[in-house]
Novice: 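Below you will find the structure I want to go over with you.
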Amino acid sequence: MNRRTIVAANWKMNGNLNLVEEMSERLNQVQLDDNVDVIVCPSFLYLAAMAAKLAHQNIYLGAQNVNAQPSGAFTGEVSTSMLQDFPVKYVILGHSERRSVFQESSESVAQKVRSVLNAGLTPILCIGESAQQRTAEQTESVLAEQLQPVIDEIGIEKFNEVVIAYEPVWAIGTGKTASPEMAQATHQFIRQFLASNNTDIADKVPLLYGGSVNAQNCEALFAQPDIDGGLLGGASLKVDEFSQICSTVKGS
Ligand code: PEP
């Protein structure tokens with residue numbers, strides 16, 4: 001199965017209008033491999049500016065979160081219909097920082113996945129274990145517990161329209177990347193878990209790796225058979241490094 005390779009940028013609460021300008025100017029000039037898509041997810045506030053500046057066929061815009069409710073008295077929140085006013089195609093959901101800092105449960109993440117799909121947007125569903133859970137050999141059960149509520153909420157067939165990002169929490173922003181072999185073994189587990197529900201769907205779902213990906217380690221990671229690209233934090237804020245990663249990544 002040839003899945004497209006995806007390089008996604010999660011700016012988190014970083015960046016400014018200057019970075020929007022510099023990054024979009026550089027990305028507009030990048031030559032991407034035929035089978036490669038790039039997704040840039042700045043803060044909500046910069047979506048409009050980024051949309052106005054990005055002009056590349058295979059570079060898309062994403063948000064970092066959304067509220068599951070359609071509208072209402074939810075001060076400070078953003079709805080899917082608001083995202084639809086911009087050329088946003090993807091929404092990162094269930095990032096480990098949302099799960100830990102903002103106490104999002106897998107069930108609430110599942111509801112957001114449903115809302116995002118209903119709005120015709122593509123969720124980038126983040127899952128991953130903590131260092132403690134890996135040491136206790138709970139990685140697979142933790143991933144299954146994060147995936148199952150989403151399967152229950154939307155049904156396995158809908159995973160046709162979902163991107164999954166496996167991000168071990170211990171590797172996010174720490175410089176401790178999973179080795180390509182360790183990441184591949186976990187991605188293979190995720191694909192097998194999906195396959196136990198539906199083999200065709202499991203074959204099609206793009207599985208991204210996230211956790212201290214940079215220009216030095218991305219090629220070895222993305223070359224693994226079940227790794228279809230990456231979700232990048234720190235490296236996605238560096239114009240030279242991120243554009244270099246995008247232009248060197250090979251599509252499958
Ligand atoms: C992330 O925030 O999703 C991430 C993977 O960050 P970093 O690349 O900095 O580890």
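Both counts, for ligands and for their atoms, begin at 1 and track the order of listing.
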Novice: Which residues pass the side-chain hydrogen bond (donor to acceptor under 3.5 Å, both in side chains) test with Lys12, not counting sequence neighbours?
Specialist: Glu97
Novice: Does a donor on one side chain sit under 3.5 Å from an acceptor on the other, for Ser81 and Gln84?
Specialist: no
Novice: Where do Asn67 and Ser79 land on the side-chain hydrogen bond (donor to acceptor under 3.5 Å, both in side chains) test, with the steps shown first?
Specialist: CA-CA 5 Å; Asn67 192 287; Ser79 69; over 6 Å; no
Novice: Quick test of your reading of the model: are Arg99 and Glu104 salt-bridged, counting only N-O distances below 4.0 Å?
Specialist: no
Novice: How are the rings of Tyr90 and Tyr60 set to each other: parallel, tilted or perpendicular (split at 30° and 60°)?
Specialist: perpendicular
Novice: Residues around ligand 1, heavy atom under 4.0 Å from any ligand atom, sorted by chain and number. Can you pull those?
Specialist: Asn10, Lys12, His95, Glu167, Ala171, Ile172, Gly173, Gly210, Gly211, Ser212, Leu231, Leu232, Gly233, Gly234
Novice: Using 4.0 Å as the upper bound for N to carboxylate O, is an ion pair formed by Asp34 and Arg4?
Specialist: no
